[in-house]
Number of protein chains: 2
Amino acid sequence: MRTEAPTILDVARLAGVSTATVSRTLSSPDRVSEQTRVLVLDAVASTGYVANEMARNLRKKTSNSIGVLAPDLSNPFFSFIIAGIEQICGPRGFGVFVTEIGNTPNAKNKVVNMLASARADGFIVLDGMLDLSLLKARGNLEKRAPIVSACEWPSDETAPSVTVDNVGGSMQAVRHLAAMGHTKIGHITGPKENVLTAARIKGFKAGLESCGLTYDDSLIIEGDFSLDSGRLAAEKWLSMSDRPTAMFCASDREAFGFISRLAKAGVRVPEDVSIIGFDDIEVAAFFVPALTTVSQPRIDIGRAATQMLFGLIDGEIAPEDKRPQLDVKLVVRESTAPPSQDA
Amino acid sequence: MRTEAPTILDVARLAGVSTATVSRTLSSPDRVSEQTRVLVLDAVASTGYVANEMARNLRKKTSNSIGVLAPDLSNPFFSFIIAGIEQICGPRGFGVFVTEIGNTPNAKNKVVNMLASARADGFIVLDGMLDLSLLKARGNLEKRAPIVSACEWPSDETAPSVTVDNVGGSMQAVRHLAAMGHTKIGHITGPKENVLTAARIKGFKAGLESCGLTYDDSLIIEGDFSLDSGRLAAEKWLSMSDRPTAMFCASDREAFGFISRLAKAGVRVPEDVSIIGFDDIEVAAFFVPALTTVSQPRIDIGRAATQMLFGLIDGEIAPEDKRPQLDVKLVVRESTAPPSQDA
DNA sequence: TATGAGCATGTAAACGATTACATGCGGGCT
DNA sequence: AGCCCGCATGTAATCGTTTACATGCTCATA
């Protein structure tokens, strides 16, 4: 019962050829003769040989894998994105490394190390907060492994990224509300420093403006995308003297938290308030009421980011293709309705 | 602007020592003199040297990473588990490779290759359907990289796994319902072939029995854990002539789908039916109504599985520790209530 | 019949680390 | 003084591939 893995040398000996021939047979079969090809392939089959990735990678100076840096792996929002990434990587034989970078002080170090240690040929970062500039400082690490941001994007406006039309989506959301007759529309934001937060606020304002409504600071409630921040926002809303008749939430989870808290207070959606979310996570369609929301193509984001990353790795991306923006679409369900008369 | 990574040789030259000394300085600093230590460390700092993982791994015959095999990465259920896995791996400097194995015919091959190619030092498999026996056949691959199952478990009852008390949790669920006065309790199952499905049905029956209730086949509706299967189940329920007053769902998502469909039909939860889920995913507490459910410690599952895997990798697991079963607990919220009088 | 092209294959040098073994040196012991 | 031990370091083998280069063979061409 041998537990040691067979090496290319074992195969070579069994087939009676050199290791070079075995390697060639496996990587470019048409460079060896028919005769030796079957010899080698038989030997491979009978030994169960599979090339050792570490040796191969060392020699070829690759790692055959990419890294995904997420601020918080437990956030289900990322699962579809990661699934999209894997859909592209899998068939290529690329491994997908996931890491949580959180916001610990040594997170930066972790990233620098990953980059520098040649563990990955490229990176997809899902966290706009990560300061990519320190990689430039540190010996131009980006040159070794390209980085593309997805969903969120770094402050450097030229870095490759695949994002979504956040301002357009937000505009659509408030225009939908306005079209239904709402004039007093509030917004629950994301966390203050987040780029998405800013973009969605921008879209919110633009939407208001395009409908002739004026922006009112007192209708903004700060959140952080989480369920619980939605709940907290609901408490603020309940305590308002002159409540907005519709709320645009920067995430579906905020919307759920909001609606949930309101339900406990006997406030009905959409009869008493209309709610719109952002993301269209799976459960949105099955919430009670089914949530009207701005749908992000999360799988596609993952796929597009990965494809771009491969383009960068292979050195074949034109500058103008480096910041694609995917479309979102408003999906209207049951959490929005015209404002009630007595409001 | 050098873009090539510095090697250990660059550091050695700069410090005026041999590569062996550099390596020693980095891996066991107390084996070199104070004097050369600072010399080397300075050189490391000024070159920005980070050891190449591929070379290190090749030499040490490790990969410094583990693989996670999931049936479906887009399923948010796994996100917390993966987060737990990363929490243990990160600090150890281990990489976490995620792969979707799906149920394509070549999935098995994919797994065999991952195992054999020395890409990972061990694996955590989240899919009970994966037939681990083929790894034994193929040259005893398990010997090279241990495998632990999490959540689900393989048919081989001796393989390492960390699971949860599925039958106990299910029992608790139905006992809670029975205690509230329900006598006609139904169950929406998971997919037929799944081990969890069987375990939860077993617990369901045991719970019934322990309360003196009798199991009735016609009260079982087949689902597959998904939101949509919950919706479908609701339609079956609506069409029943003599409806159960309470349903135990094999997953929270089934429960959401179920409740959501019922709401559209004007059926209220818990007034008209009581519902219990399983999993306690994040949104459960914020659903309307907040879902009573059996809570699984998903992060802990990930952590425990990883710790066990490391134990196996280091060869220090006693046989009796190989199949720990974590506790679940019923968390009672608002989707359950005593049956209404007119039922 | 040389000659060269082209093919199939072998030989051996990388890739960049770790580590067994060798070396030299200083100091404590008898 | 002689011996040995242990410390700090260096030398070089090794991990398992890929691939540049060398080799030898066959065949078409001049």
Side-chain angles (χ1 to χ4, degrees), chain A residues 2-41 43-44 47-65 93 113 116-119 121 144, chain B residues 2-41 43-44 47-65 93 113 115-121 144:
Chain A
R2 59 174 301 141
T3 157
E4 287 297 311
T7 74
I8 199 173
L9 188 58
D10 297 323
V11 177
R13 275 203 266 262
L14 185 57
V17 299
S18 73
T19 62
T21 299
V22 176
S23 178
R24 276 189 288 252
T25 306
L26 264 16
S27 61
S28 38
D30 35 317
R31 293 191 53 71
V32 304
S33 74
E34 166 73 19
Q35 195 183 15
T36 64
R37 193 185 315 142
V38 314
L39 230 46
V40 170
L41 261 20
V44 167
T47 52
Y49 170 75
V50 177
N52 179 307
E53 277 286 333
M54 296 306 150
R56 184 214 296 280
N57 290 340
L58 172 59
R59 175 60 223 247
K60 300 182 86 172
K61 287 173 177 261
T62 68
S63 65
N64 233 338
S65 42
N113 266 30
S117 62
R119 245 171 201 266
D121 297 335
R144 293 192 211 146
Chain B
R2 58 173 301 143
T3 157
E4 287 297 310
T7 73
I8 199 172
L9 189 58
D10 297 324
V11 177
R13 275 204 267 262
L14 184 58
V17 298
S18 74
T19 61
T21 300
V22 176
S23 177
R24 277 188 287 252
T25 307
L26 264 16
S27 61
S28 38
D30 36 318
R31 294 191 53 72
V32 304
S33 74
E34 166 73 20
Q35 197 184 12
T36 64
R37 193 184 316 143
V38 314
L39 229 46
V40 170
L41 260 20
V44 166
T47 51
Y49 170 75
V50 176
N52 179 308
E53 278 285 334
M54 296 306 150
R56 185 215 294 282
N57 290 341
L58 172 59
R59 177 61 224 248
K60 300 181 87 172
K61 289 174 178 255
T62 67
S63 65
N64 235 333
S65 43
N113 266 29
L115 276 246
S117 62
R119 248 177 200 260
D121 297 336
R144 292 192 212 146

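Residue numbers start from 1 in every chain, and the chains themselves are labelled A, B, ... in the order their sequence lines are given, proteins ahead of strands.
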Give the rounded distance in Å between these two atoms: CD of B:E53 and C1' of C:dT18.
13 Å
May I have the distance from A:L58 (atom CG) to C:dT18 (atom C1'), rounded to whole angstrom?
13 Å
Calculate the interatomic distance between B:L9 atom CG and D:dG10 atom P; express it in whole Å.
13 Å
Atom CZ of B:R13 and atom C1' of D:dG10: how far apart are they, to the nearest Å?
15 Å
With a 4.5 Å heavy-atom cut-off, do A:E4 and B:K61 have their side chains touching?
yes
Backbone N or O of B:P29 within a donor-acceptor pair of the B:R37 side chain at under 3.5 Å?
yes
Closest nucleotide among D:dT17, C:dG16, C:dA17 to the A:R56 side chain
D:dT17
Value in whole Å for how far the C1' atom of C:dA17 lies from CE of B:M54:
12 Å
Using a cut-off of strictly less than 4.0 Å, decide whether B:S23 has a side-chain nitrogen or oxygen near OP1 or OP2 of C:dA17.
no
Using OP1 and OP2 only, check whether a side-chain N or O of B:K60 sits under 4.0 Å from D:dT14.
no
Side chains of A:R56 and A:N52, heavy atoms from C-beta outward: is any pair under 4.5 Å?
no
Please check if the side chain of B:S23 supplies one atom and the backbone of B:T19 the other of a donor-acceptor pair under 3.5 Å.
no
Can you see whether B:S63 engages B:N57 through a side-chain donor-acceptor pair at a distance of less than 3.5 angstrom?
no
From B:T47 atom OG1 to B:L9 atom CG, the distance as rounded to the nearest 0.5 Å:
11.5 Å
With the side chain of A:T7 defined as its heavy atoms from C-beta on, choose the nearest nucleotide among D:dG16, C:dG16, C:dT18.
D:dG16
With DNA chain D as reference, determine whether B:R24 or B:R59 sits nearer its 5' end, using the nearest nucleotide of each.
B:R24
Measuring from the side chain of A:Y49 (C-beta onward, heavy atoms only), which nucleotide among C:dA17, D:dT11, D:dT17 has the closest atom?
D:dT17
Check the distance between D:dC15's C1' and B:N64's CG and give it to me in whole angstrom.
15 Å
Among residues 26-36 of chain B, which residues get a heavy atom nearer than 4.0 Å to DNA chain D?
B:V32, B:S33, B:T36
Give a yes or no answer on whether the side chain of A:R24 reaches the backbone of A:V32 with a donor-acceptor pair at less than 3.5 Å.
no
With heavy atoms under 4.0 Å as the rule, sort A:S18 into base, sugar-phosphate or nothing.
base
Determine whether A:L41 and A:L26 make a side-chain contact, defined as any pair of heavy atoms from C-beta on separated by less than 4.5 Å.
yes
Please check if the side chain of B:S65 supplies one atom and the backbone of B:R119 the other of a donor-acceptor pair under 3.5 Å.
yes
Any A:K61 side-chain N or O less than 4.0 Å from OP1/OP2 of C:dG16:
yes
Quantify the bending of the helix from C:dT1-D:dA30 to C:dT30-D:dA1 as the angle between its end axes, each fitted on five pairs, to 10°.
60°
For C:dT9, does OP1 or OP2 lie under 4.0 Å from any side-chain N or O of A:T21?
no
Nearest-nucleotide pick for B:I8, side chain only, options being C:dA12, C:dG10, C:dT18
C:dT18
Tell me what B:A20 touches on the nucleic acid: a base, only sugar-phosphate, or nothing, going by heavy atoms under 4.0 Å.
base
Non-hydrogen side-chain atoms of A:L39 and A:Q35 separated by less than 4.5 Å
no
What is the distance from CG of A:N57 to P of C:dA17, rounded to the nearest Å?
15 Å
